[in-house]
Amino acid sequence: MVDLRLVAPAAACWSTTIVGLVSPQQVSWVVVVVLVVTAAVARWRSRDPGRRLLAMTVIGVCGIGAAGAAVVLLRVAAVDAAPVVDVVGKPVVEMTVAGDPMYWPGQQRFTVAVRVDDVSGRAQRPVTARLAASSEVGDLLPGERLSARVRVAAAGAPGRDRLVVADLTAVGEVTRIADAPWWQRAAGDVRQRLREIAANALGGRAGGLLPGLILGDTGGLDQATRDNFRGAGLSHLVAVSGANLVLVVGAVLLCVRAGGGSPRTVFVVGAVAVVGFVILVRPTDSVLRAAVMGGVGLAAGLSSRRSQALPALGAAVVVVLLWWPEMALAPGFALSVAATLGLVLWSVPIRFAMTNRGVPEWAAALLSMTVAAQILTTPLVIAVSGQVSVFAIPANLLAAPVVPLIGVAGTLAAAIGALGPRYGPQSAFAELLVRATGPGVRWLIVVADRLGGPGWVSPEVPGVLAAGVLVAVGCAVVLFVRSGGGRPLRGLLR
């Protein structure tokens with residue numbers, strides 16, 4: 001039986017967070033008051049034993065929903081009260097790098113998320129801003145502290161930008177005033193060494209792709225490969241997402257299970273692998289969100305306890321939104337939730353259906369995760385991008401067999417290559433591991449080129465309308481099967 005207890009609280013938290021981001025503050029205050037009053041009435045009615053269960057459910061939903069709105073109100077108040085909002089002229093701002101830089105195509109400039117800590121010598125509560133600067137600054141690591149004279153502009157329209165205090169444009173030189181924490185420096189060194197080893201061992205497009213598959217480092221990925229992966233529905237493989245974590249950490253755990261590891265060993269190795277993944281790809285907001293959502297999906301894909309996985313997903317959604325409310329409007333977060341929900345609901349039934357028909361366990365586990373994740377993410381991708389990836393499912397099925405080898409060998413290469421001196425003996429072993437990934441990486445490029453390269457494979461469509469039609473057709477198929485019209489497929493939907 002599917003446990004739905006945390007579905008309504010998660011939906012309430014998501015809804016009130018969106019309202020707080022896109023509406024005036026007065027609307028959020030009204031929402032909070034209404035929810036608090038409703039919870040108080042439910043508490044009063046809970047004295048009736050016959051209505052206690054319903055009343056406690058209402059209290060939980062209203063309480064978490066009010067918490068989501070309150071968090072946004074507090075964050076918005078901090079943004080509005082930040083000194084940088086009302087500054088005149090071009091102040092000197094001290095800030096902490098909060099993400100990876102995004103380079104502007106064809107220009108020697110980049111944009112990076114920062115936390116503003118000091119404005120013209122006046123310390124302030126850290127708030128998020130965006131810094132645009134010359135690429136002459138060099139590689140930046142999250143956690144580094146910078147100082148620059150900047151021009152200040154409004155961040156933009158309400159929405160995710162409601163929690164961004166301003167857009168800062170550096171005027172003149174950007175100065176480093178403090179290094180990143182040691183773990184960020186270590187992660188940066190791992191990424192740099194893997195990039196070098198991949199370039200030497202694989203070269204060309206494959207050398208630029210491997211760091212993206214392992215660490216989400218797409219700095220060496222050429223534009224044609226990016227476009228082809230997007231057209232084939234494989235772009236999630238080169239993004240730091242819950243799917244990325246599931247594929248990399250899941251491959252490690254499947255090896256442990258294949259070696260006869262006990263459930264306790266699998267749990268310990270899984271926890272260590274998740275922590276190592278987060279450190280390697282940098283513990284930024286998006287990575288931590290991916291770790292939370294991917295961990296839930298991984299647990300669902302490797303166990304048969306769907307009744308526990310769904311409450312875990314609801315709890316993860318609530319935690320992510322309370323800590324990072326801007327995720328409520330992020331397409332990546334919605335896709336992570338949809339993919340994880342697909343894994344929770346359908347990966348195990350699909351896996352059992354495959355194994356019952358003679359498919360090997362390891363292949364069924366990987367293929368079931370791929371198909372289950374695609375069921376709910378496809379309509380969202382269509383709605384957001386306005387494009388249909390015609391071969392998304394075939395491309396993911398063709399990619400699935402090689403991803404575990406790439407994930408295990410590439411992750412080991414990244415970890416081993418970071419040990420000792422830059423060109424020490426461990427580099428030779430890491431390069432051998434990277435060479436072992438070569439056939440798989442090149443296979444992914446072939447799949448992306450063939451199934452995502454031609455322009456007709458990702459036609460533009462009216463996004464929301466097409467997604468709605470797809471969902472309606474899917475629901476009709478489910479109802480048809482449930483009603484007894486499709487007995488051969490019924491086992492997949494239970």
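Looking at heavy atoms from C-beta onward, Arg226 lies out of side-chain contact with Asp222 at the 4.5 angstrom threshold. Residues Leu221 and Leu209 meet the side-chain proximity criterion, which asks for heavy atoms closer than 4.5 Å. You'll find the side chain of Ile445 stays beyond 4.5 Å of the side chain of Val447, heavy atoms only. Arg185 places a side-chain heavy atom less than 4.5 Å from the side chain of Leu141. Two residues are said to be in side-chain contact when any heavy atoms from C-beta on lie closer than 4.5 Å; Thr16 and Val72 fail this criterion. Val359 places none of its side-chain heavy atoms less than 4.5 Å from the side chain of Thr355. Contact of the Val317 side chain with the Cys13 side chain is not registered, since no non-hydrogen atoms from C-beta on lie closer than 4.5 Å. Using a 4.5 Å heavy-atom threshold, the side chains of Ile406 and Val441 count as touching.
The closest donor-acceptor contact from the side chain of Gln426 to the backbone of Leu419 lies under 3.5 Å. Distance alone, capped at 3.5 Å, is enough to place a donor-acceptor pair between the Asn396 side chain and the Gly233 backbone. At least one donor-acceptor pair closer than 3.5 Å links the side chain of Trp443 to the backbone N or O of Leu398.
Nearest approach of Leu405 to Ala436, heavy atoms of both residues: CD2-O, 3.9 Å. A pairwise comparison of heavy atoms in Ala338 and Leu380 identifies CB-CD1, 3.5 Å as the closest pair. Minimum interatomic distance between Ala201 and Glu431 (heavy atoms only, all atoms of both residues): CB-CG, 3.6 Å. In this structure, Arg442 and Leu202 approach most closely via the heavy-atom pair NH2-O, 3.5 Å. For the pair Ala328 and Thr17, the tightest heavy-atom approach, listed with the atom from each and the gap, is CB-CG2, 3.6 Å. When all heavy atoms of Val150 and Ala170 are compared, the closest pair comes out as CG1-CA, 4.1 Å.
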Exercise. Begin with the C-alpha distance, continue with both residues' side-chain angles, and end with the deciding distance and a verdict on side chain to side chain contact (heavy atoms under 4.5 Å, CB included) for Val127 and Leu163.
Key: CA-CA 8 Å; Val127 289; Leu163 301 181; over 6 Å; no
Exercise. Assess whether side chain to side chain contact (heavy atoms under 4.5 Å, CB included) is satisfied between Arg176 and Leu146, documenting all intermediate values.
Key: CA-CA 5 Å; Arg176 286 180 170 85; Leu146 309 175; 3.8 Å; yes
Practice problem: Any chance you could lay out the side-chain hydrogen bond (donor to acceptor under 3.5 Å, both in side chains) test for Ser134 and Arg109, step after step, and finish with the verdict? | Solution: CA-CA 4 Å; Ser134 168; Arg109 296 186 66 78; 5.5 Å; no
Exercise. Step by step, work out the side-chain hydrogen bond (donor to acceptor under 3.5 Å, both in side chains) result for Asp227 and Gln223.
Key: CA-CA 6 Å; Asp227 294 340; Gln223 191 60 46; 3.0 Å; yes
Quiz item: What do the steps show when you test Glu326 against Arg162 for side chain to side chain contact (heavy atoms under 4.5 Å, CB included), and what is the final call?
Solution: CA-CA 8 Å; Glu326 61 272 20; Arg162 190 67 183 90; over 6 Å; no
Practice problem: Quick one: do Trp323 and Val71 satisfy side chain to side chain contact (heavy atoms under 4.5 Å, CB included)? Show the steps, please. | Solution: CA-CA 8 Å; Trp323 195 261; Val71 166; over 6 Å; no
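Taken from CG in Leu444 to CG in Asn228, the straight-line distance is 12.5 Å, to the nearest 0.5 Å. Put simply, OG1 on Thr169 and CZ on Arg130 are 10.5 Å apart, with the number rounded to the nearest 0.5 Å. The CG atom of Leu131 lies 6.0 Å from the CZ atom of Phe110; values are rounded to the nearest 0.5 Å. Here the OG1-CG distance, from Thr437 to Leu213, works out to 8.5 Å after rounding to the nearest 0.5 Å. The line from CG of Leu432 to CG of Leu412 is 12.5 Å long, rounded to the nearest 0.5 Å. Taking CG from Leu234 and CZ from Phe391, the interatomic distance works out to 12.5 Å, rounded to the nearest 0.5 Å.
Of the candidates Gln192, Arg193, Arg191, Arg193 is the only one forming a side-chain hydrogen bond (donor to acceptor under 3.5 Å, both in side chains) with Asp189.
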